[in-house]
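What follows is a short report on a single structure.
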Amino acid sequence: MRLLVCGGAGFIGSTFVRQRVREFGDEVVVLDKLTYAGREENLKDVADDPGFRFVHGAIEDARAVAAAMEGSRPVEAVVNFAAETHVDRSIAEPDAFVKTHALGTYVLLEAARERSVRYVQVSTDEVYGSIEEGSFTEESPLRPSSPYSATKTGADLLVQSYFHTFGLEALICRGSNNYGPYQYPEKLIPLMILNALHGDALPVYGDGMQVRNWIHATDFARAIGHVLEHGEPGEVYNAGGPDECPNMEVVRRIVQYAGAEESLIEHVTDRPGHDRRYSLSSQKARALGWEPRVRFAEGLEQTVAWYRANRWWWEPIRSGDYRAYYERQYGRALA
Ligand code: NAD
Ligand code: DAU
């Protein structure tokens, strides 16, 4: 298949691209704005593949989208990962979240509609809000709590409107919390791994008893591929991980795998509007033949080992703009 993958230079997008090129033999065009979270280095394993092309541009720029979709061989489907993805940044500066998720998704949908190509929107469990017990299904009401999740919800509704109104072959795949190699260290797991390896404090928000449903990025990428190939147009598919875990337990395991001291753990001011628990029922995706393969304990230990072995990847981030972000967010400097 010839795919346009928007946001393919980010964490999950690049995992998806590696998988589709290597395991499925797809031809892939990546369109990416290269924000702080997008890096061409993430695509170095496929950069020399004859079917691979990189276009630097934003999804809200209709000309960049057209250039990426046309080329010598027009694409047959669009998979949209492009997004601002960090909840804390959406609280501090929501502007880019509104532009990318609302305007960007609209521009991409228009481009897909004009060319009648299949469209998959990559979405999140955060659109359902928090759940104390049980799990959200695709029929659960949408109750987003942060500017991140509210704008992602808006994008999902727009995608559904293009199916209902224009008959676009549009599908949505909603994932739970991803982890694995190549994740930008603003997120809980890579932040705690790198801080533990450097002897920096480990900042746990509030009581640390918030629960997340962890899925390895290779499993989420496979779910998105499955929805792309086998999903019904107009439908939503949840893809949750096999295990859930409270944040304190995640951090303690990282301390153990990194060989650090538990005394580094510090409770800091809670995130405003912090969702307590996320949980997805993935029965519908499982009925399509997908299931997650990586258990959290094993995937987390491998992830710690990957960060330990791949200094080339995180060193430029940790010594660059990320330092200033960290100081603003946590009120202290990194070692
Ligand atoms: P990421 O922040 O690592 O990557 C986002 C990518 O999108 C970057 O390469 C960035 O440069 C690009 N981008 C941002 N704005 C753009 C724009 N306007 N035009 C073009 N490119 C742009 O994100 P991620 O964690 O890989 O998440 C990818 C997708 O998966 C997002 O849509 C996110 O909402 C969704 N998702 C993430 C998780 C998670 O736990 N990380 C879970 C479920 C769903
Ligand atoms: O659930 C899917 C979502 O998961 C994705 O849609 C988002 O793009 C992604 O960022 C993620 O959102 P979370 O807010 O759940 O992830 P984050 O890694 O920021 O935080 C995970 C939990 O850890 C959350 O309860 C907040 C807590 N946390 C996070 C950070 C960065 C801390 O306690 N300390 C921290 O320093």
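The shown structure was predicted, so the numbers you read here are calculated from the model rather than taken from an experiment. When a ligand or atom number is given, it counts from 1 through the structure's own listing order.
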Is there a donor in the side chain of S281 and an acceptor in the side chain of S135, or the other way round, less than 3.5 Å apart?
-> no
Would you please classify the geometry between the W214 ring and the Y179 ring as parallel, tilted or perpendicular, with 30° and 60° separating the classes?
-> perpendicular
Could you pull out, from N177, V211, D88, D125, the option with a heavy atom nearest to atom 16 (O) of ligand 2?
-> N177
Proximity winner for atom 25 (O) of ligand 2, if only heavy atoms of R276, H274, E186 are counted | H274
If you measure from the Lys or Arg side-chain nitrogens to the Asp or Glu carboxylate oxygens, is any gap between K284 and E138 under 4.0 Å?
-> no
Between ligand 1 and the protein, give all atom pairs where both partners are nitrogen or oxygen and the distance is under 3.5 Å, as lines of names plus distance to 0.1 Å.
from     : atom 1 : to   : atom 2 : distance (Å)
ligand 1 : 2 (O)  : T85  : OG1    : 2.7
ligand 1 : 3 (O)  : F11  : N      : 3.0
ligand 1 : 9 (O)  : G10  : N      : 2.9
ligand 1 : 9 (O)  : D32  : OD1    : 3.2
ligand 1 : 9 (O)  : D32  : OD2    : 2.6
ligand 1 : 11 (O) : D32  : OD1    : 2.6
ligand 1 : 11 (O) : L34  : N      : 3.4
ligand 1 : 11 (O) : T35  : N      : 3.0
ligand 1 : 11 (O) : T35  : OG1    : 3.1
ligand 1 : 18 (N) : E60  : OE1    : 2.8
ligand 1 : 18 (N) : T100 : OG1    : 3.1
ligand 1 : 19 (N) : I59  : N      : 3.0
ligand 1 : 21 (N) : K33  : N      : 3.1
ligand 1 : 26 (O) : F11  : N      : 3.4
ligand 1 : 26 (O) : I12  : N      : 2.7
ligand 1 : 32 (O) : F81  : O      : 3.1
ligand 1 : 32 (O) : K152 : NZ     : 2.7
ligand 1 : 34 (O) : Y148 : OH     : 2.7
ligand 1 : 34 (O) : K152 : NZ     : 3.1
ligand 1 : 40 (O) : N178 : N      : 2.9

Among residues two or more places apart or on two chains, list those pairs meeting salt bridge (charged side-chain N to carboxylate O under 4.0 Å, His left out) that have a residue in residues 123-136.
-> none
Taking the side chain as every heavy atom from C-beta outward, state whether N195 and L334 have any pair of such atoms under 4.5 Å apart.
-> yes
Element-labelled atoms of ligand 2 that are located less than 4.0 Å from some non-hydrogen atom of H86 | 19 (O)
Pairs of donor and acceptor atoms involving the side chains of residues 255-264, under 3.5 Å and at least two apart or interchain, shall be tabulated with distances.
none

Is any NZ, NE, NH1 or NH2 atom of the basic residue among R271 and D88 found under 4.0 Å from an Asp or Glu carboxylate oxygen of the other?
-> yes
Counting only pairs under 3.5 Å, give me each side-chain donor-acceptor contact of residues 100-109, with atom names and distances, residues two or more places apart or in other chains.
from : atom 1 : to   : atom 2 : distance (Å)
T100 : OG1    : A96  : O      : 3.3
H101 : ND1    : F97  : O      : 3.4
H101 : ND1    : T151 : OG1    : 2.9
H101 : NE2    : E84  : N      : 3.1
H101 : NE2    : E84  : O      : 3.2
T105 : OG1    : H101 : O      : 2.6

Closest approach of any protein heavy atom to atom 29 (C) of ligand 2, naming residue and atom = Y205 CE1, 3.6 Å
With no hydrogens and no angle check, do the side chains of Y128 and N238 hold a donor and an acceptor under 3.5 Å apart?
-> yes
Give a yes or no on whether a salt bridge exists between D275 and R143, defined as a side-chain N under 4.0 angstrom from a carboxylate O.
-> no
Looking only at side chains, do Y162 and E110 share a donor and an acceptor under 3.5 Å apart?
-> yes
Which protein heavy atom lies closest to atom 21 (C) of ligand 2, and at what distance to 0.1 Å?
-> L188 CB, 3.8 Å
min-distance protein heavy atom vs atom 34 (N) of ligand 2 -> P203 O, 2.8 Å
Under 4.0 Å to a heavy atom of V204 - the qualifying atoms of ligand 2, by number = 33 (O)
For ligand 2, indicate whether the residue V87 contacts it via side chain, backbone, both or neither (heavy-atom separation under 4.0 Å).
-> side chain
Provide the number and element of each atom of ligand 2 under 4.0 Å from a heavy atom of Y278.
-> 1 (O), 15 (O)
Working to the nearest 0.5 Å, report the span between CZ of R311 and CG of L194.
-> 10.0 Å
Heteroatom proximity flag, E126 to ligand 2, N/O under 3.5 Å | yes
To the nearest 0.1 Å, how far is atom 6 (O) of ligand 2 from its closest protein heavy atom, and which atom is that?
-> Y148 OH, 2.5 Å
Protein heavy-atom partner closest to atom 36 (O) of ligand 2 - residue, atom, separation in Å = Y330 OH, 2.6 Å
Nearest-contact summary for atom 14 (O) of ligand 2 - protein heavy atom, Å | R271 NH1, 2.6 Å
Do the charged groups of E27 and R53 touch, with an N to O distance under 4.0 Å?
-> no
Distance from atom 9 (C) of ligand 2 to nearest protein heavy atom, with residue and atom | T85 O, 3.8 Å
Using distance alone, determine whether G175 and ligand 2 share an N or O pair under 3.5 Å.
-> no
What do we get for N247 next to ligand 2 when only non-hydrogen atoms under 4.0 Å count, side chain, backbone, both or neither?
-> side chain
Salt bridge between E169 and R113, side-chain N to carboxylate O under 4.0 Å?
-> no
